[in-house]
**Student:** 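Structure incoming, see below.
Just so it is clear: chains get the letters A, B, ... in the order the sequence lines come, proteins before strands, and each one is counted from 1.
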Amino acid sequence: MTTVAKKSLNPVPIKERMKIARQAMPEQPAEARAHNFEEVNLGYSAELAQQEAQRCLECAKPTCMDSCPVGVDVKAFVELIVAGKFLEAAAKIREANVLPAITGRVCPQEDQCEGKCLLSKKVKPLGIGYLERFVADYEQRLGTHVLPKIAPTGKKVAVVGSGPSGLTVAGDLIQKGHQVRVFEALHEIGGVLVYGIPEFRLPKQIVREQIDYMREMGVEFETDVVVGRTVTVDELMEEEGYDAVYIGTGAGLPQFMNIPGEHLNGVYSANEFLTRINLMKAYKFPVYDEPMLDLRGKDVAVIGGGNTALDAIRSALRLGARKAYVLYRRSEAEMPARAEEAHHARQEGIDFQMLTAPVKFVSDDKGWLTAARCVRMELGEPDASGRRRPVPKAGSEFDLPLSVAVIAIGTSANPIVQSTTPGLGTNKRGYIEASEETQRTTRKGVFAGGDIVTGSATVILAMGAGRRAANSIHEYLTTGQW
Amino acid sequence: MCHLAPRERELFKIIHAEFLAPGIKRFVIEAPRIARRQKPGQFVILRIYEEGERIPVTIENSDPEKGTINIVVQAAGKTTNLLNSLGTGDSILDVVGPLGKPSEIRNYGTVVVVGGGVGTAMAYPTASALKRAGNRVISIVGARNRELVILEKEMRGVSDALLLTTDDGSYADKGFVTDKLRQLIENGTRIDLVVAVGPIVMMKAVSEMTRKENIHTIVSLNPIMIDGTGMCGGCRVLIDGKSEFACVDGPEFDAHKVDFSVLVQRNGMYRDAEQRSMAEFMAKKNTQDHPEDGHACAGASGDRQGAQR
């Protein structure tokens, strides 16, 4: 028997495809966007999307999906875009990814699908993230979702935390016929997607739409519930009749540097700074009641080099900061932030001070921050992380005048669920122990994933854990085997 | 499958509301989950309406059977004034809790429970639990004047002795709670623990007094908070030179390790914004009350967080 290769729908011959330039993402001009919270990237038109999709080499063994934490069938959905079947393309993505409009915006594609794209060996990789975003937005604009029909299993699952991993678990399990209720500590659904990532990178309307879609599928949500305080995991299982519980409570407590002056007025954690802006809309004060310090004409610095750091400092710029610095103790090459974000930030006028670390915050006599005493670093031998260790340069101390400093150096485990759930194993750093394959914890019927297991990571890695957990919860609920 | 979005935001209904004193109101709120789990020393965070801020509020009592909690609120800034304008039958958009670690209740021997102003509402459930645990409870309650003395009957009911003071002498003895505490110490009363809840200056004064006497002392701190789950770190307080989060590590701390000046300084971080909010709120209120003359009311106190003490 001979296998006949499926005929390509792509009108462009393979050899010609590499000659098509990667279609640039239309974006708001840097000068304009530095002063507003509108989205930076404007999204592909249908025409741009199809032109970009035509660059796909349709590899016989595509490597792009190997590195996708949720396993999106990239080749298939791109082919559907080439054919102009945008809704089908969206449905194809949704088979693996319940939040495509979000991942299309915030995934580090350069390290995942696009990083593995064959095109990237010679030219720029296929714009997979941009294409994902395009079809998700297209579907949303049309407002026509195809709701899957499923027979109910009669099993109940409680999901703790409504961030990316919890939403993924909920979206996957509802499609397998289980009853799902998501508990959220804050007053809004979405976790880090609503309190952490700013409007200009992920509009809250997009998050709401994705959540509304999950509601349509039958997922229930309950806000204002701090599991561990308002109700315990044991109560959920024993008294409220949940057959399984998924814990996706996120990264948790912000870390500080333990240097003098961290209690001064004007020193924020990135979580607090971003929560005031994104969740509480403090930038709309006094229409909204939650206040924040007025940044207009002030000098602001963020300490750290991750995406959270860039989100914070770009927000500060939009709130009128005169100078907006990133202080990072290593060099640009080690910065964990996405290259695209760093590029956007630089275009907007953010001042990157690499190899620089504060050693002390200085204040006036009323306790208000006036400067960060900084030291310049140089890179020494590689440390445990494989990155070259920054070493302070002798005699390099200087004072950087500042009114506001935002500390974005990471988080540590939030202990609330762990400390109120007997028998739930944790590691040395307080994160929940869970199997990497099944996301099972040491407690029967209890699963965990996302940052509360791994420590701070990305939206898509949390979603990947959610996906594995959903499969494993489904297996547990159908077989009863632990 | 039902395609109607489930009603996920049950409003928190006010079953009953009454003034305990001018500007100090007690609300009985339907919050069955919180009522079931509330323990002395814990608090809730609430948000009244969509544009509202989140503020921590004292839980005075709860009734797990009826599914209600009692909160006590003193009007100081915009949010607390707005809250105190609500009454029976109104609703609050968000109430989350019970937050914070509960008070450590056991038999210490003799415990002095000090409640200053509206802090008495938070001290009351702790005093009550300490009494039930077999302690001899001596309560000291202080207020600015006669009208502002709250929960006298309730405190008396759970105390072996109740000592009352008012700053101006308009009721009971003139003076401060620390005067009563000093008398107890000078009389040679054996004190195994002091629990003090009230304005920062009061807690600091109590702490300084008991430090000299080496009496273990617990205070309940009231920094500015947002989420109340440890996520934002805004409520960090300096304890023994180290950062701790009042919402998850507290709100109760060993008084002798607390840096009160940092707490005072950080609670003043938004004073300008608070005063502006309050002034605009009062101006609007006056316009509504007197539509003809639309001038703003001056005497705005913006001490939003101080609201609760």
**Student:** Do you know which of B/G52, B/G241, B/G268 has the most heavy-atom pairs with chain A at a distance under 4.5 angstrom?
**Tutor:** B/G52
**Student:** If you take all heavy atoms of A/S315 and A/L274, which pair is closest and at what distance?
**Tutor:** OG-CD2, 4.0 Å
**Student:** Measure the CZ-CD1 distance between A/F256 and A/I407 for me, rounded to the nearest 0.5 Å.
**Tutor:** 5.5 Å
**Student:** I need the residue from A/Y288, A/W368, A/Y268 with the largest number of non-hydrogen atom pairs under 4.5 Å to chain B.
**Tutor:** A/Y288
**Student:** Is there side-chain contact between B/I71 and B/V44, with at least one heavy-atom pair below 4.5 Å?
**Tutor:** yes
**Student:** Does B/E53 come within less than 4.0 Å of A/K281, counting only side-chain N to carboxylate O?
**Tutor:** no
**Student:** Please classify the contact of B/V248 with chain A as side chain, backbone, both or neither, using a heavy-atom distance under 4.5 Å.
**Tutor:** both
**Student:** Examine whether an atom of B/Q265 lies under 4.5 Å from a heavy atom of chain A, and if so say whether it belongs to the side chain, the backbone or both; otherwise answer neither.
**Tutor:** both
**Student:** Please rank A/P254, A/G367, A/S269 by heavy-atom pairs under 4.5 Å with chain B and give me the top one.
**Tutor:** A/P254
**Student:** When rounded to the nearest 0.5 angstrom, what is the spacing between NE2 in A/H187 and CG in B/D227?
**Tutor:** 10.5 Å
**Student:** Hey, which of A/N414, A/D294, A/L264, A/N271 has the most heavy atom pairs under 4.5 Å with chain B?
**Tutor:** A/N271
**Student:** What part of B/R266 lies closer than 4.5 angstrom to a heavy atom of chain A: side chain, backbone, both or neither?
**Tutor:** both
**Student:** Under a 4.5 Å cut-off applied to non-hydrogen side-chain atoms, are A/V225 and A/V227 in contact?
**Tutor:** yes
**Student:** Between A/E222 and A/R181, is the closest basic N to carboxylate O distance under 4.0 Å?
**Tutor:** yes
**Student:** Is it the backbone or the side chain of A/T275 that comes under 4.5 Å from a heavy atom of chain B, or both, or neither?
**Tutor:** side chain
**Student:** Against chain B, label A/L186 side chain, backbone, both or neither, depending on which of its atoms sit under 4.5 Å from a heavy atom there.
**Tutor:** both
**Student:** When heavy-atom pairs shorter than 4.5 Å are enumerated against chain B, which of A/D212, A/L279, A/T232 gives the highest number?
**Tutor:** A/T232
**Student:** Report which part of B/R276 has an atom under 4.5 Å of a heavy atom belonging to chain A: side chain, backbone, both, or neither.
**Tutor:** side chain
**Student:** So what's closer than 4.5 Å to chain A heavy atoms on B/Q42: side chain, backbone, both or neither?
**Tutor:** side chain
**Student:** Heavy-atom pairs under 4.5 Å with chain A - which of B/A31, B/G233, B/G228 has more of them than the others?
**Tutor:** B/G233
**Student:** B/F281 versus chain A, heavy atoms under 4.5 Å apart: side chain, backbone, both or neither?
**Tutor:** neither
**Student:** May I ask you to check if B/K204 and B/F260 form a cation-pi contact, with NZ or CZ under 6.0 angstrom from the six-membered ring centre and within 45° of the axis?
**Tutor:** no
**Student:** Charged N to carboxylate O under 4.0 angstrom, A/R215 versus A/E220?
**Tutor:** no
**Student:** To the nearest 0.5 Å, how far apart are CD1 in A/I277 and CD in A/E272?
**Tutor:** 10.5 Å
**Student:** Does A/M237 offer a backbone N or O that forms a donor-acceptor pair with the side chain of A/D234 under 3.5 Å?
**Tutor:** no
**Student:** We want to know whether B/D259 and B/S261 form a side-chain donor-acceptor pair, criterion being a heavy-atom distance below 3.5 angstrom.
**Tutor:** yes
**Student:** Would you mind checking which part of A/E240 comes under 4.5 Å of any heavy atom in chain B, side chain (CB onward), backbone (N, CA, C, O), both or neither?
**Tutor:** side chain
**Student:** Checking heavy atoms, do the side chain of B/I226, its backbone, both or neither come under 4.5 Å from chain A?
**Tutor:** side chain
**Student:** Flag the one option from A/T249, A/V267, A/T411 with the top tally of heavy-atom pairs under 4.5 Å to chain B.
**Tutor:** A/V267
**Student:** Please look at A/K284 and chain B and tell me whether the side chain, the backbone, both or neither of the residue comes under 4.5 angstrom of a heavy atom of that chain.
**Tutor:** neither
**Student:** Could you tell me which portion of A/F273 (side chain, backbone, both or neither) has an atom closer than 4.5 angstrom to a non-hydrogen atom of chain B?
**Tutor:** neither
